[in-house]
Amino acid sequence: MSAAGMAGSGRRGGRMGFPEGFVFGSATASYQIEGAVDEDGRRPSIWDVFSRTPGRTVGGDTGDVADDHYHRWEADLDLMTTLGLHAYRFSVAWPRVVPEGRGAVNRKGLDFYSRLVDGLLDRGITPVATLYHWDLPQVLEDEGGWRERSTAEAFATYAGAVAEALGDRVDTWTTLNEPWCAAFLGYGAGVHAPGATDPVAALRAAHHLNLAHGLAAQAIRAQLPDAKLSVTLNLHVFRPEGPTGPEAARRLDAVGNRIWLGPMLEGAYPADLLEDTAALTDWSFVQDGDLEAIRQPIDVLGVNYYSTSHVRLHEGPVEPAPSPWSGADVVEILPPEGPLTDMGWNIDPAGLTDLLVSLHERYPDLPLMVTENGAAFPDVVEDGAVHDADRIDYLRRHFAAAQDAIEAGVDLRGYFVWSLLDNFEWALGYSKRFGIVWVDYATQERLPKDSARWYADVIRTGDL
Ligand code: NCW
């Protein structure tokens, strides 16, 4: 290969390449792929209970079997080798490791992740471990779940136990994945587990997730002084429409983005968020010392990015309805303009550049990582292949957008495609396919889509 074809070698086709050492990976989450929900001492999570409740998921789908990754992990790691992945971002299931939420650690549960990590390292793939991707032990939900600070304390103990067991082999740790979804889709809009529709519960959950991040970061640091710590946020990009657009975007930015960035990185909740939500709560669940506990030094910020939202204020009165935007339900999110992905999300690669650049401007010393980007499309198998040109196009344009951000000076360290495998897409069950590898749920066969081959070439050559 010519020097000009190698990653990090500089300008190609008028665009900067990826820097030296740029990490190309792919991501999954425990409940979405593992299955084996009753094995080796695992106890139910809120997603087991929610998905088994009639009417909660499309087709009544559950993660009972999912991709059966718990039994097929070795073959899945071999698949990663074929793709040439540098890193694999997976999540650890709390209900496997501490089945009762707090208290005894289940050695068999930890052993699964220990084998997985060894298998990755044997193949030269760097493990990136996420400690919470939404599978809260149901026993803790029965005590109030994320509404209660005791859940944050239990999370820190669990995080310490995982760090102790895997810390000799895992150096990048992510406390939480998309706490916005856990708090606002789970406790506000009620479309994710545990299915509550209470705007105050959502705000309490947000605070206790922030606290969980801070306490877990401290617990990991205490075990592993050299660990690379991170948190992954789904930061929303709002496109203001018309004269009320900027005010709408400000409100949504407060409850969607700055509710996490403020306490985690700046040590305070934004004043405008407290004002916007004052009719709902006085935030007395924030106790002395919490903000110091939440603001912990992190080494990299994980960004999950998929799409943008065009926003303005509602004209006229707003009917009260379950919403994921506590205190900002006066906002109207306009119907997305096509072409759309199978999730109904718009395709706006420039939003990724904008987001990365604005984070870099606000936190210039904080390295960034795209911990998820990808798309669901209505794939079909034709003659033993999946020709997902739409996904390739989506990924190519978003990789290029990331390169634009790098060219603008952003310290972007890596990019994880969501997802390695088709999997259980939460409330949408198996009806949406995000994988670069097709999964036949009847046979559990894996079939790399065209996008997987394309990605393998990108990793090998650095060319889009
Ligand atoms: S649903 C969602 N996802 C997908 C999921 O598979 C993954 O586990 C998540 O990390 C793909 O990436 C994330 N994110 C929720 C996006 C927000 C939806 C906004 C709804 C507004 C009412």
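The model shown is predicted, which means the values in this text are computed figures rather than measured ones. Values below: all heavy atoms of this structure, side chains included; hydrogens, waters and symmetry mates excluded. In listed order, ligands and their atoms are each counted from 1.
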Asks: Which protein heavy atom lies closest to atom 14 (N) of ligand 1, and at what distance to 0.1 Å?
Replies: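 Of every protein heavy atom, E178 OE1, 3.2 Å lies nearest to atom 14 (N) of ligand 1.
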Asks: Judged by atom type as modelled, is there a donor-acceptor pair below 3.5 Å linking the side chain of Y305 to the main-chain atoms of V237?
Replies: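 Not at all, since once roles are kept as given, no pair shorter than 3.5 Å links the two residues.
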Asks: Quick one: which ligand 1 atoms are inside 4.0 Å of a heavy atom on E372?
Replies: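 So the atoms of ligand 1 that pass are 7 (C), 9 (C), 10 (O), 11 (C), 12 (O), 13 (C).
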Asks: Would you please name every residue forming a ring-ring contact (aromatic ring centres under 6.0 Å, His included) with Y306, sequence neighbours left out?
Replies: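 Counting only residues at least two positions away or on another chain, Y306 forms a ring-ring contact (aromatic ring centres under 6.0 Å, His included) with W345, F434.
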Asks: As a test of understanding, state which of R446, K449, K432 forms a salt bridge (charged side-chain N to carboxylate O under 4.0 Å, His left out) with D422.
Replies: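 The option that passes is K449.
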Asks: Distance to 0.1 Å, residue and atom name: give those for the protein heavy atom nearest to atom 20 (C) of ligand 1.
Replies: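 Residue, atom and distance for the closest contact: L185 CD2, 4.2 Å.
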Asks: Give the atoms of ligand 1, by number and element, whose distance to some non-hydrogen atom of H133 is under 4.0 Å.
Replies: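 Reading through ligand 1 atom by atom, the close ones are 7 (C), 8 (O), 9 (C), 10 (O).
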Asks: Can you list the ligand 1 atoms lying under 4.0 Å from a non-hydrogen atom of Q32?
Replies: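 The list of qualifying atoms is 5 (C), 6 (O), 7 (C), 8 (O).
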Asks: Mark yes or no for whether S51, through its side chain, and W47, through its backbone, hold a donor-acceptor pair below 3.5 Å.
Replies: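 Judged by distance alone, yes, a pair lies under 3.5 Å.
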Asks: Determine whether the side chains of H71 and E39 contain a donor N or O and an acceptor N or O closer than 3.5 Å.
Replies: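 Result is yes, a qualifying pair exists.
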Asks: Please evaluate residues S91 and W134 with respect to the criterion side chain to side chain donor-acceptor pair (under 3.5 Å), reporting the C-alpha separation (whole Å), side-chain torsions for both, the decisive distance (0.1 Å), and the verdict.
Replies: CA-CA 10 Å; S91 81; W134 310 351; over 6 Å; no
Asks: Tell me whether the NZ or CZ atom of R42 lies within the 45° cone about the ring axis of Y70 and under 6.0 Å from its centre.
Replies: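 Not flagged: R42 not positioned over aromatic ring of Y70.
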Asks: Any side-chain donor paired with an acceptor under 3.5 Å for S451 and D388?
Replies: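 Yes, D388 and S451 have a side-chain donor paired with an acceptor closer than 3.5 Å.
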Asks: Look at atom 1 (S) of ligand 1 and say which protein heavy atom is nearest, naming residue and atom and giving the distance to 0.1 Å.
Replies: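 For this ligand atom, the closest protein heavy atom is E425 OE2, 3.3 Å.
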Asks: To check your reading of the model: name the closest protein heavy atom to atom 21 (C) of ligand 1, its residue, and the distance in Å.
Replies: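 For atom 21 (C) of ligand 1, the nearest protein heavy atom is W180 CH2, 4.0 Å.
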Asks: To which protein heavy atom is atom 15 (C) of ligand 1 closest, and what is the distance rounded to 0.1 Å?
Replies: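 Checked against all protein heavy atoms, atom 15 (C) of ligand 1 sits closest to C181 SG, 3.5 Å.
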Asks: Considering only protein heavy atoms, which is closest to atom 11 (C) of ligand 1, and at what distance to one decimal place?
Replies: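 Here the closest protein heavy atom is Y306 OH, 3.3 Å.
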Asks: What do you reckon, does W418 have a nitrogen or oxygen under 3.5 Å from a nitrogen or oxygen of ligand 1?
Replies: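 Yes, at least one N or O pair falls under 3.5 Å.
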Asks: Look at atom 18 (C) of ligand 1 and say which protein heavy atom is nearest, naming residue and atom and giving the distance to 0.1 Å.
Replies: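 Of every protein heavy atom, W345 CZ2, 4.1 Å lies nearest to atom 18 (C) of ligand 1.
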Asks: At a 4.0 Å threshold, what atoms of ligand 1 neighbour a non-hydrogen atom of P324?
Replies: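 Here the atoms of ligand 1 in question are 22 (C).
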Asks: Working to the nearest 0.5 angstrom, can you tell me the gap between D198 CG and Y187 OH?
Replies: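 If I round to the nearest 0.5 Å, the distance is 11.0 Å.
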Asks: At under 4.0 Å between heavy atoms, which part of N177 makes contact with ligand 1: side chain, backbone, both or neither?
Replies: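 Looking at N177 and ligand 1, just side chain atoms fall under 4.0 Å.
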